[in-house]
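Side chains are part of it too, since the values below use all heavy atoms of this structure and drop only hydrogens, waters and symmetry mates. In each ligand, atom 1 is the first atom listed, and ligand 1 is the first ligand listed. For the single chain, residues carry numbers from 1 onward in sequence order.
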Amino acid sequence: MIVVENVAIACVDAAGTEHADGHVVVGDDGRIVSVGAGRADEPAGEVRRVDGTGCLVTPGLVNTHHHLYQWATRGLALDETLFGWLTTLYPIWARLDAETVGAAAGAGLGWLALSGCTTTMDHHYVFPRDGGDVLEAEIAAARRLGLRFHPTRGSMDLGQADGGLPPDSVVEDTDAALAATEAAIDRWHDPSPESMLQIAVAPCSPFSVTGRLMSEAAELARRKGVRLHTHLAETDDEDDFCAQRFGCTPVEYAERLGWLGADVWLAHGVHLDDAAIARLGATGTGVAHCPSSNARLGAGAARVPELLRAGVPVGLGVDGAASQEASHLGAELRQALYTARTRGGPGAMDARTALRLGTMGGARCLGRADHIGSLEPGKLADLVMWRLDGLGHDGIDDPVAALVFGPPAPVELALVGGRPVVEGGALVHADAAELTRAAGRAHRRLMAATR
Ligand SMILES: [Zn+2]
């Protein structure tokens with residue numbers, strides 16, 4: 001049992017409950033026993049007491065869009081559009097293997113944990129023929145670090161020869177991709193409420209995947225009871241591609257293929273007209289908002305306040321890591337707020353809305369809102385205790401404002417299912433320096449192989 005006390009708390013429940021000085025009790029079953037003001041009732045049994053003076057406890061952040069393998073190719077094509085960036089990187093990614101992906105995922109996941117993330121998805125869609133089991137490699141990294149993990153089995157089957165963007169060397173055969181996706185679900189997906197590992201089905205994008213793969217992937221996911229994810233409406237180039245090839249907008253194309261619904265969440269959703277936003281709202285389709293990646297690639301700014309008004313579940317994603325080198329989920333709270341205000345003025349988003357996007361919004365996108373995303377008795381004890389009494393934050397009296405408006409806050413403690421994954425700003429289950437060296441070796445090996 002863990003009792004955190006003398007701490008500010010933002011529950012992010014439906015009522016927006018907050019405590020200036022409160023406690024959280026975590027049971028041996030990894031679930032929250034109680035959250036409230038003042039001291040906890042004296043619990044029976046062996047208890048670890050954590051003094052949270054100077055800190056804020058929030059639900060653990062949920063990352064709804066990422067490409068962990070890209071940690072091995074950061075800092076390239078720095079001044080390109082999405083299509084220019086992709087065509088530079090595809091030939092490098094064609095040399096990926098399980099060792100490289102494992103090292104990149106270890107670094108990316110470690111960095112996410114240190115940035116306040118307790119649950120992350122990963123969108124992996126490059127499966128070189130001789131690359132080994134890259135999905136297994138990233139799952140092993142997540143198990144080691146202790147994060148709740150929702151990797152997706154992605155895919156691409158529309159190469160340049162057929163009018164797609166990726167070179168033919170990095171795309172898969174359609175039926176082989178579907179069979180491998182089904183095998184990944186059968187092998188890994190755990191649907192239980194406490195699940196640490198859930199698989200989703202994630203063909204990459206309209207310009208790298210055939211319509212047949214999209215629609216059959218949707219049928220597969222629904223037959224298996226898993227969720228669906230893809231990139232959609234990210235750039236003007238994608239709008240033009242869909243208009244020329246399909247005669248419609250990306251959202252109309254997605255709907256035609258069975259890709260709108262409460263079991264779908266889409267990465268980006270930047271270029272959405274009013275009709276598209278209304279369709280996402282009416283169907284309960286979620287959006288992974290990735291403001292730093294969208295800024296890095298100059299893709300545009302998503303209409304998040306409008307999406308929220310339409311009832312769309314919106315989560316935050318760091319995306320990347322090669323299209324957003326920082327990949328820091330805590331920093332994405334502020335980036336989301338700033339992006340909304342740059343478009344719509346200071347009333348467009350407040351700090352608590354940004355925090356809700358990063359927690360409950362993400363849990364809704366991943367289909368886990370009943371179990372994570374807020375601090376409530378009975379929910380899984382996925383929480384983060386942020387230190388706010390240092391030079392960067394002290395003196396900002398509202399702790400939620402300090403977290404969102406201030407610099408990325410140090411993580412004093414992060415729990416996943418009641419188990420510590422970060423303590424005192426350091427990873428519990430891995431050495432950050434060792435993760436750094438392994439990822440550095442993977443980067444150099446990949447670049448040398450491509451040269
Ligand atoms: Zn992406």
TODO: Decide whether H229 and H231 meet the rule of one side-chain donor and one side-chain acceptor closer than 3.5 Å.
DONE: no
Open item on the list: Any N/O/S atom, side chain or main chain, of D319 closer to the Zn ion (ligand 1) than 2.8 Å?
Closed with: yes
TODO: Look at the N, O or S atoms of H66, main chain and side chain alike, and state whether any lies under 2.8 Å from the Zn ion (ligand 1).
DONE: no
Task: Electrostatic pair R368:D382 at N-O distance under 4.0 angstrom - done: no
Task: N/O/S atom of H231 inside 2.8 Å of the Zn ion (ligand 1), strictly under - done: yes
Open item on the list: Below 2.8 Å, can you find an N, O or S atom of H65 next to the Zn ion (ligand 1)?
Closed with: yes
- [ ] Report the residues that fulfil side-chain hydrogen bond (donor to acceptor under 3.5 Å, both in side chains) with W386, sequence neighbours left out, ordered by chain and then residue number.
- [x] T58
Task: Charged tip of R245 within 45° of F207 ring normal and under 6.0 Å - done: no
